[in-house]
Amino acid sequence: MDAIRLENVTYTYGAGTPFEKRAVDGVTLGFEKGMLSGIMGHTGSGKSTLVSMLNGLCRPDSGRVLLGGEDIWADKKKLRSVRFRVGLVMQYPEYQLFDETVRADISFGPRNMGLEKGEIAERVSEAARFAGIGEELLDKSPFELSGGQKRRVAVAGVMAMRPEVLVLDEPAAGLDPAGRESILNGIREYCRATGATVIIVSHSMEDMAVYCDRIAVLAEGKLCMYGTREEIFAERQTLAGLGLGVPMITDIAYELRALGIELGGDIYTVEGVASSIRKLLAR
Amino acid sequence: MHDLVLGQFFPGDSIIHRLDPRAKLILLLIFIVMTFAANSVSAFIILLAAAVVSAALTRIPPSVFIRGMKPLLFLLIFTTVINVFMTGGEVPLFEFGIIHIYKEGIINAVTVTVRIVLLVLGSGIFLTYTTSPISLTDGLETLLSPLSKIHLPVHEFSMMMTIALRFIPTLVEETDKIMNAQKARGADFSSGGLIKRAKALLPVIIPLFVSAFKRAEELATAMECRCYRGGEGRGRLHVLRYRARDAVFLTVGASLLAAVIAINILYPIYRL
């Protein structure tokens, strides 16, 4: 069964004004438990609106959001507990930091859940570990940190609630390559270690190819494709038409194929292509 | 957050939208003077007709104006009640216990209500709905520029206003974003007593201040990088120019004002 599922959801901004815009248009999409899924799409394709529906920040005009088979809008009083079960890290989450120390900021979520002190401390250090925040940073003020470190603190702040579904909107945007890799590795580790369902929004094809088990493609508020990375990146023309394309390394593999050089195996990650080229050269 | 219709620019291309902002400011001034000068039925009919015709000329759906009135409902009811019950007169129309209602009270209530509605309608028609905040401050600056002769910092004042207006939507959006981020971590803004709610807002206010200060600093740096140094000798990108349509509207406005004053003087019979 899907851990979380959107059924025919629609959302329109500014209905009845000249700014009216249909952001999400009849999307049905389920995320399997324990999977790391990706949502990609061009700017303005409705990705961010879609993910803010997952934890009930945004109420769809029509359609349902099912968490563990239950409609999250069935009982409005339970909405707050839905937000603890579906952790959402928003785009550029650095701005949400407010507390005196990093430790206190990460514990904001667990404190809101009403957990005991011991439990909170345990969760904070666990989340800090997943997000790659060193012990020495925990007692600093979040405002002294660098941009990349702030991002990790914000991610840890949501992980500390131990959500069964973790949604991250562009978690790696604007970070340097090393920062990207380490934050995405931490997210993958969280997914594997806790068995949580993780959903990442990104428009980096490379990140999608490396990290995601399943990929959904949105365009103009509609779901265009949903499948494994092999299924998605095989549709090179369609993706190009949506302004998305495939990972650069996959493009190289396709160009080599056009020249008559067939690369077997994984043509979606640099490691995969490198190893098949090495094999070809050895022959 | 997004229901702040009162005082929101409604983009369009109608003749009212295209009027010079200075002309619109003057028209609004005329309209306000007329609203307060009017004290007879016929004067109010002229005013209402002028408001309805101009509202139609903006080509903004009437529902927008009606929605903009909604926040006023409480004020209108309040002033009506106060006026009806508190105004004294000679012969009561209705008496019950300590309640006395006089003809003067009802007349007062109606006049005040009509005036408030007209004022809000007028400022919506001539300014807030049809003039973008930027051209509004442009107009204001040009209208007030004679004051710089007596060393009032008119340009700085209008730059301050432009910046403030420019960043209101940004701040609203940002507040929304931060509130959502904290809600996603289980923050609860809508339950508990006053103190609890005020405390719950801290996780919103702190990041909002931090980013507002940061933005102010960045903006100041960016302005200095482009050698901004206040009003002295500054040219402008959009030079305001009066056109024929401005003259037409101003003439009509002035004649209506004259008509209202004339009615007040010549026909005191119709006086309320």
Side-chain angles (χ1 to χ4, degrees), chain A residues 13-19 48-49 51-52 54-58 76-77 79-100 104-115 127 141-143 150 154-161 163 166-169, chain B residues 1-5 8-14 17 58-68 129-130 132 169-192 196 199-215 217:
Chain A
Y13 282 105
T17 70
F19 309 106
S48 295
T49 311
V51 294
S52 62
L54 293 170
N55 76 340
L57 278 179
C58 159
K76 273 195 183 176
K77 285 184 202 117
L79 210 55
R80 194 154 169 249
S81 71
V82 166
R83 300 210 172 117
F84 297 132
R85 291 170 64 196
V86 182
L88 172 63
V89 180
M90 314 249 269
Q91 223 166 347
Y92 298 107
E94 305 69 281
Y95 58 78
Q96 68 180 39
L97 305 180
F98 71 97
D99 226 322
E100 281 172 51
D105 206 289
I106 297 177
S107 72
F108 182 63
R111 274 186 284 147
N112 284 330
M113 294 168 85
L115 301 173
S141 157
F143 299 109
K150 282 187 194 167
V155 171
V158 174
M159 281 178 172
M161 302 191 298
L166 175 63
V167 188
L168 303 107
D169 195 352
Chain B
M1 272 299 168
H2 300 287
D3 299 331
L4 296 166
V5 174
Q8 207 185 49
F9 178 49
F10 201 95
D13 193 30
S14 73
H17 282 87
T58 63
R59 296 222 209 103
I60 294 171
S63 61
V64 173
F65 289 107
I66 293 167
R67 237 186 304 158
Y129 288 133
T130 59
S132 76
T170 313
L171 282 178
V172 168
E173 201 176 296
E174 195 147 288
T175 313
D176 224 27
K177 236 169 63 174
I178 296 172
M179 277 179 106
N180 274 339
Q182 308 303 22
K183 268 195 220 159
R185 296 204 278 168
D188 184 4
F189 302 117
S190 52
S191 70
K196 199 180 160 220
K199 261 188 167 168
L201 277 178
L202 269 186
V204 177
I205 291 168
I206 294 172
L208 195 63
F209 266 79
V210 170
S211 76
F213 277 113
K214 215 168 109 189
R215 182 169 295 121
E217 216 176 295

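Throughout, protein chains are lettered first and strands after them, A, B, ... in sequence-line order, and every chain is numbered starting at 1.
With a threshold of 4.5 angstrom between heavy atoms, Val210(B) approaches chain A through side-chain atoms but not through N, CA, C or O. Using a 4.5 Å cut-off between heavy atoms, Phe209(B) does not touch chain A at all.
For Phe108(A), the ring pair (Phe, Tyr, Trp, His ring centres under 6.0 Å) partners are Phe98(A), not counting sequence neighbours. The ring pair (Phe, Tyr, Trp, His ring centres under 6.0 Å) check on Phe84(A) picks up nothing, with sequence neighbours excluded.
Tyr95(A) OH to Lys214(B) NZ: the interatomic distance, rounded to the nearest 0.5 Å, is 12.5 Å. If you take CZ on Arg185(B) and CG on Asn112(A), they are separated by 8.5 Å, rounding to the nearest 0.5 Å. Put simply, CD on Gln182(B) and CZ on Arg83(A) are 12.5 Å apart, with the number rounded to the nearest 0.5 Å. We find the OG-CZ distance between Ser190(B) and Arg80(A) to be 9.0 Å, quoted to the nearest 0.5 Å.
Highest contact tally toward chain B, considering only Val89(A), Val82(A), Asp99(A), Asp105(A), is held by Asp105(A) [criterion: heavy-atom pairs under 4.5 Å]. The candidate from Met161(A), Arg111(A), Gln96(A) with the greatest count of non-hydrogen atom pairs under 4.5 Å with chain B is Gln96(A).
The 12-atom threshold is exceeded at CZ of Arg215(B), counting heavy atoms of other residues, nucleotides or ligands nearer than 6.0 Å.
Put simply, the residue from Leu57(A), Leu88(A), Leu79(A) that forms a side chain to side chain contact (heavy atoms under 4.5 Å, CB included) with Lys183(B) is Leu57(A).
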